[in-house]
*Asks:* 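Take a look at this one; I'll ask things after.
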Amino acid sequence: MPTLRPPAPLLAPSLLSADFTRLGEAMAMLESAGAELVHVDVMDGRFVPNITVGLPVVESLRKATTLPLDCHLMIVEPGRYAVDFVKAGADWVSVHQEADPHLHRTLHAIRSAGAKAGVALNPSTPVETLLDLLEDMDFALLMSVNPGFSGQSFIPRVLDKVRRLHSLRAHRGVPFLIQVDGGVGLSNAADLVRAGVDCLVAGNGVFKAENPIAAVAALQAEMRKGREA
Ligand code: DX5
Ligand code: ZN
């Protein structure tokens with residue numbers, strides 16, 4: 001059977017934990033460190049109790065890096081804005097299952113606009129809600145904290161959700177990626193990849209480390225352990 005996973009796991013450092021006056025430098029650092037993606041957390045103060053950045057910032061980030069931009073939309077009515085984020089330069093766009101009653105339409109609009117389409121699930125939303133969307137999405141983002149803030153503790157039960165989604169993927173033979181976001185660090189990266197994760201988001205785990213470049217390498221090394229036999 002062909003593998004449904006990428007050859008190596010991907011790390012997506014989250015700019016939410018970076019210094020917002022120096023985002024250009026943060027992205028240059030991530031490029032030289034060898035991060036595979038840049039995770040951009042878009043929050044509207046309605047879907048989550050925090051407000052971060054929007055389209056103009058994504059446009060500026062696009063000009064400042066060649067790394068793929070992974071925009072995580074924590075906003076109500078994401079279908080109204082998802083394609084605009086692709087036009088602004090996003091390569092991956094995830095929308096929350098809890099925020100959109102028309103996911104099929106939104107996912108296809110993201111794909112038609114030329115980006116990878118993802119569905120994000122809060123910790124309390126079962127992976128089985130994705131059953132009728134598996135072919136329509138390029139990745140699933142499982143939140144391992146309640147969305148809104150960086151620096152929270154990982155919710156261990158998400159490991160079981162990853163395993164369930166990984167086995168659903170194998171059973172159905174659909175090659176979407178599994179991403180986990182929240183409280184990721186050196187203590188859980190290998191276990192998450194072993195459970196089936198292909199892409200890990202890390203905010204504080206990278207940007208609050210003493211040496212962020214070394215932290216990227218250390219997290220990638222842990223992730224690779226999770227793929228060793
Ligand atoms: C939280 C965001 C995360 C956050 C992760 O709502 O979606 O991407 O930046 O930060 P850490 O890795 O510090 O939990
Ligand atoms: Zn995020």
Side-chain angles (χ1 to χ4, degrees), residues 9-20 23 26-27 30 33 35-54 57-58 61 67-76 78 81-82 85 90-100 115-125 137-159 161-162 177-193 197-210 212 215-216 218-220 222-223:
L10 313 169
L11 181 65
S14 165
L15 292 180
L16 187 57
S17 299
D19 177 346
F20 272 34
L23 291 180
M27 287 186 301
L30 295 178
E36 283 84 10
L37 299 166
V38 179
H39 187 81
V40 184
D41 289 297
V42 176
M43 306 187 189
D44 66 353
R46 295 190 63 209
F47 181 68
V48 288
N50 196 5
I51 302 176
T52 55
V53 298
V57 173
V58 173
L61 296 175
L67 287 174
L69 296 176
D70 165 31
C71 289
H72 175 193
L73 304 189
M74 286 160 276
I75 62 176
V76 297
Y81 296 102
F85 278 92
D91 301 278
W92 296 30
V93 176
S94 55
V95 296
H96 268 264
Q97 189 268 9
E98 304 84 2
D100 191 351
K116 290 193 189 303
V119 181
L121 300 183
N122 282 338
S124 58
T125 305
M137 65 187 191
D138 299 298
F139 67 108
L141 187 174
L142 304 187
M143 287 303 304
S144 41
V145 297
N146 287 294
F149 304 93
S150 55
Q152 303 180 77
S153 302
F154 179 80
I155 299 171
R157 234 165 6 131
V158 172
L159 267 169
K161 289 176 75 172
V162 172
L177 303 186
I178 302 178
Q179 185 179 48
V180 162
D181 181 6
V184 169
L186 294 175
S187 64
N188 53 21
D191 285 344
L192 282 161
V193 172
V197 171
D198 309 296
C199 178
L200 282 176
V201 176
N204 278 17
V206 169
F207 287 101
K208 302 297 184 206
E210 208 169 299
V216 167
L219 276 165
Q220 288 170 326
E222 277 305 305
M223 290 164 71

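Order of appearance sets the numbers: ligands from 1, and atoms from 1 within every ligand. Values reported hereafter were calculated over all heavy atoms of this structure, with side chains retained and with hydrogens, waters and symmetry mates removed.
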*Asks:* What's the shortest distance from atom 1 (C) of ligand 1 to any protein heavy atom, and which residue and atom give it?
*Replies:* Phe149 O, 3.5 Å
*Asks:* When you compare ligand 1 with Gly182, is there at least one nitrogen or oxygen pair between them that comes in under 3.5 angstrom?
*Replies:* no
*Asks:* Counting non-hydrogen protein atoms only, what is the nearest one to atom 10 (O) of ligand 1? Give residue, atom name and distance.
*Replies:* Ser150 CB, 3.3 Å
*Asks:* For Ile155 and Val145, which heavy atoms make the closest approach, and how far apart are they?
*Replies:* CD1-CA, 3.9 Å
*Asks:* Checking side chain to side chain contact (heavy atoms under 4.5 Å, CB included) for the pair Tyr81/Val93: CA distance, chi angles, key distance, verdict?
*Replies:* CA-CA 10 Å; Tyr81 296 102; Val93 176; over 6 Å; no
*Asks:* Before signing off on this row, confirm whether Asp181 and ligand 1 have an N or O atom pair separated by under 3.5 Å.
*Replies:* yes
*Asks:* Could you give the distance from CG (Asp70) to CD (Gln179), rounded to the nearest 0.5 Å?
*Replies:* 4.5 Å
*Asks:* Is there a side-chain contact between Leu61 and Leu15, using heavy atoms and a 4.5 Å cut-off?
*Replies:* yes
*Asks:* Under 4.0 Å, heavy-atom basis, I'd like to know which part of Lys208 is in contact with ligand 1: side chain, backbone, both or neither.
*Replies:* neither
*Asks:* Please indicate whether any nitrogen or oxygen in Asn146 is less than 3.5 Å from any nitrogen or oxygen in ligand 1.
*Replies:* no
*Asks:* How many protein N, O or S atoms are found at a distance of less than 2.8 Å from the Zn ion (ligand 2)?
*Replies:* 4
*Asks:* Could you grab the distance from atom CD of Glu222 to atom CG of Leu192, nearest 0.5 Å is fine?
*Replies:* 11.0 Å
*Asks:* Within a distance under 4.0 Å of any heavy atom of Met74, pick out the atoms of ligand 1 and give their elements.
*Replies:* 6 (O), 7 (O)
*Asks:* Working to the nearest 0.5 Å, report the span between CG of Asp41 and CE of Met74.
*Replies:* 3.5 Å
*Asks:* Please check whether Gly148 reaches ligand 1 - meaning an N/O of the residue sits under 3.5 Å from an N/O of the ligand, judged on distance alone.
*Replies:* yes
*Asks:* With heavy-atom distances below 4.0 Å as the criterion, list the atoms of ligand 1 near Val201.
*Replies:* 8 (O)
*Asks:* Using a heavy-atom cut-off of under 4.0 Å, does the side chain or the backbone of Ser14 touch ligand 1, or both, or neither?
*Replies:* side chain
*Asks:* Could you state the interatomic distance from NZ (Lys116) to SG (Cys71), rounded to the nearest 0.5 Å?
*Replies:* 14.5 Å
*Asks:* For Phe154, which residues count as a ring pair (Phe, Tyr, Trp, His ring centres under 6.0 Å) partner, sequence neighbours excluded?
*Replies:* none
*Asks:* For the side chain of Ser14 and the backbone of Ala202, is there at least one donor-acceptor N/O pair under 3.5 Å apart?
*Replies:* no
*Asks:* As an exercise, identify every atom of ligand 1 less than 4.0 angstrom from a heavy atom of Ala202.
*Replies:* 12 (O)
*Asks:* Could you find the nearest protein heavy atom to atom 12 (O) of ligand 1 and give me its residue, atom name and distance?
*Replies:* Gly203 N, 2.7 Å
*Asks:* May I ask you to list the atoms of ligand 1 that are less than 4.0 angstrom from any heavy atom of Pro147?
*Replies:* 6 (O)
*Asks:* State, with a plain yes or no, whether a side-chain heavy atom of Asp44 is found less than 4.5 Å away from one of Val42.
*Replies:* no
*Asks:* So how far is it from Leu200 CG to His39 NE2, rounded to the nearest 0.5 Å?
*Replies:* 11.5 Å
*Asks:* Checking Val201 against His72 for the side chain to side chain contact (heavy atoms under 4.5 Å, CB included) test, could you report, in this order, the C-alpha distance in whole Å, the side-chain angles of both residues, the deciding distance, and whether it holds?
*Replies:* CA-CA 11 Å; Val201 176; His72 175 193; over 6 Å; no
*Asks:* List ligand 1 atoms under 4.0 Å from His72, heavy atoms only on the residue side.
*Replies:* 7 (O)
*Asks:* For ligand 1, which atoms sit closer than 4.0 Å to a heavy atom of Asn204?
*Replies:* 11 (P), 12 (O), 13 (O)
*Asks:* Is a side-chain N or O of Ser144 found less than 3.5 angstrom from the main chain of Gly182, in a donor-acceptor match?
*Replies:* yes
*Asks:* Before signing off on this row, confirm whether Gly151 and ligand 1 have an N or O atom pair separated by under 3.5 Å.
*Replies:* yes
*Asks:* Please say whether Asp41 places an N or O atom under 3.5 Å from an N or O atom belonging to ligand 1.
*Replies:* yes
*Asks:* Check ligand 1 against Gly183 and write out every atom of the ligand that is under 4.0 Å from a heavy-atom position of the residue.
*Replies:* 11 (P), 12 (O), 14 (O)
*Asks:* Return the CD to CE distance between Gln97 and Met143, rounded to the nearest 0.5 Å.
*Replies:* 14.0 Å
*Asks:* Pull out every atom of ligand 1 sitting under 4.0 Å from any heavy atom of Met43, numbered as shown with elements.
*Replies:* 6 (O)
*Asks:* Would you confirm whether Asn188, through its side chain, and Pro156, through its main-chain N or O, come within 3.5 Å as a donor-acceptor pair?
*Replies:* no
